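Please read these numbers as outputs of a predicted model, since none were measured by experiment.
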Amino acid sequence: MKCNVYFALLGVFLLHCNYVNCQYRTKSSQGTSLAERVQQLSEMAIKRPVLKFNGAKFKEFIKASPRNYSVVVMFTAMEPQWQCQICRHAADEFAIVANSFRYSQSYSNKLFFVAVDFDEGSDVFQMMRLTTAPVYMHFPPKGRPKAADTMDIQRLGFGAEAIAKWISERTDIQIRVFRPPNYSGTVAVVMLLILIGGLLYLRRNNLDFIYNRTIWGLGAVLFTLTMVSGQMWNHIRGPPFIQKSPNGNVAYFHNSSQGQFVLETYIVMMLNGAVVLGMILMTEAAASKGDVKKRRIFAIIGLGLVIVFFSLILSSFRYKALGYPYSLLFK
């Protein structure tokens, strides 16, 4: 009877050892467990909202399964030799979204933000078959990323608000973007008011320049050019300064009439300003009573400015509004 009990206990002991050995082998073959990976990611995310991964960490935390968390990865190339002019700006916008999520009420261990630089993870770029940067990609908890899990930067841009909206569509996690306070505008306005107040004080005995129609006319023209070029839209939407085109070059104009770049608005402002200058030259040439030859030269220069730069404006509009039929000098 005792031998049977001993044999039963020995069998239970061997089965337990076999189970522990199997668990150890399974864990060793699969790496760290899911709970350990989540804990490690959470600890790293507390120290730095955007985690920097190389190839080994990418395979351990993103490619490993199972997962119960989403990962948004920014593939970038920050080093100067890669000549990615927009990568720095894109990284700043990505960091704004990560910080907004870190300090929001919806913060949890269900979403993590990761950056993979080409110099540290070239094998990851080869694995994902990426040839351009920056690229934003969402890795869902289950399955492989689909086509919609890669953000369409050409259409949406890479502003923080656009990234947050795309993430909410892929993960159902709402992120309210909080941008760091920028006091440069306030400082500029205060300095301008101080400058104007100083000029008025120094010329308090001669304020005839206030009634100068030329000064008020120039101010009105500058204000109109600023509003027409889209500076208020930039202030509200916060678009990128420039963007990389699909062929790898830098795009100065947005390829849709629903969007624009900051540099694009400056170019439009200069084009409209050149047209205005041409109109002023023609008007002055017709209204003045000076030398006929000089007036004729001014009129020809003004007409040339209007024709050339208005043609450029039409050409840029044709680029943004596909199918627009009209043009002047340039297609």
Side-chain angles (χ1 to χ4, degrees), residues 157 159 161 179 182-200 203 207-243 250-290 294-331:
E161 290 77 9
R179 291 186 175 273
N182 186 1
Y183 300 104
S184 59
T186 304
V187 173
V189 171
V190 172
M191 294 297 293
L192 180 62
L193 293 177
I194 293 174
L195 179 62
I196 294 175
L199 290 175
L200 293 176
R203 302 195 60 176
L207 299 178
D208 294 338
F209 69 93
I210 296 179
Y211 305 100
N212 192 317
R213 291 186 299 175
T214 303
I215 294 177
W216 286 106
L218 289 175
V221 169
L222 290 176
F223 178 79
T224 303
L225 290 176
T226 301
M227 293 296 104
V228 169
S229 64
Q231 299 302 321
M232 186 57 66
W233 194 91
N234 292 343
H235 180 72
I236 296 173
R237 298 292 184 88
F241 187 77
I242 54 176
Q243 188 167 293
V250 178
Y252 301 105
F253 281 82
H254 199 282
N255 58 0
S256 172
S257 59
Q258 303 299 319
Q260 65 182 19
F261 303 139
V262 175
L263 183 60
E264 175 185 342
T265 60
Y266 295 152
I267 296 174
V268 171
M269 181 187 297
M270 289 188 293
L271 294 178
N272 284 318
V275 173
V276 171
L277 178 60
M279 295 295 296
I280 292 174
L281 290 177
M282 288 192 295
T283 303
E284 291 295 324
S288 64
K289 298 181 180 179
K294 187 177 180 179
R295 290 166 54 192
R296 186 177 299 167
I297 292 175
F298 283 169
I300 293 174
I301 294 175
L303 181 62
L305 288 175
V306 171
I307 293 176
V308 171
F309 287 98
F310 186 73
S311 300
L312 290 174
I313 293 175
L314 281 179
S315 177
S316 62
F317 186 75
R318 282 170 57 88
Y319 175 77
K320 296 177 66 66
L322 300 178
Y324 186 74
Y326 303 108
S327 62
L328 194 53
L329 296 180
F330 311 105
K331 295 295 184 179

Rounded to the nearest 0.5 Å, how far apart are [atom1] of [X] and [atom2] of [Y]?
X: S315; Y: L328; atom1: OG; atom2: CG; value: 10.5 Å
X: T265; Y: L263; atom1: OG1; atom2: CG; value: 7.5 Å
X: L271; Y: S316; atom1: CG; atom2: OG; value: 6.5 Å
X: I196; Y: M191; atom1: CD1; atom2: CE; value: 12.0 Å
X: N272; Y: L312; atom1: CG; atom2: CG; value: 11.0 Å
X: F330; Y: F310; atom1: CZ; atom2: CZ; value: 13.0 Å

Please indicate whether [X] has more than 12 foreign heavy atoms, meaning atoms of other residues, nucleotides or ligands, lying under 6.0 Å from its [atom1].
X: F253; atom1: CZ; result: yes
X: Y319; atom1: OH; result: yes
X: M227; atom1: CE; result: yes

Give a yes or no answer on whether the side chain of T226 reaches the backbone of L222 with a donor-acceptor pair at less than 3.5 Å.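 Checking the backbone N and O of L222 against the side chain of T226, a donor-acceptor pair under 3.5 Å is found.
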Nearest heavy-atom pair of K320 and Q260: which atoms, and what distance?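 Closest approach of K320 to Q260: NZ-CA, 4.4 Å.
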Which heavy atom of I301 sits nearest to which heavy atom of L281, and what is that distance?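 Closest approach of I301 to L281: CG2-CD1, 3.9 Å.
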Step by step, would you call R318 with Y326 a side chain to side chain contact (heavy atoms under 4.5 Å, CB included)? CA-CA 8 Å; R318 282 170 57 88; Y326 303 108; 5.9 Å; no
Exactly one of L305, L277, V306 should register a side chain to side chain contact (heavy atoms under 4.5 Å, CB included) with M282. Which one does?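 Filter result, single survivor: V306.
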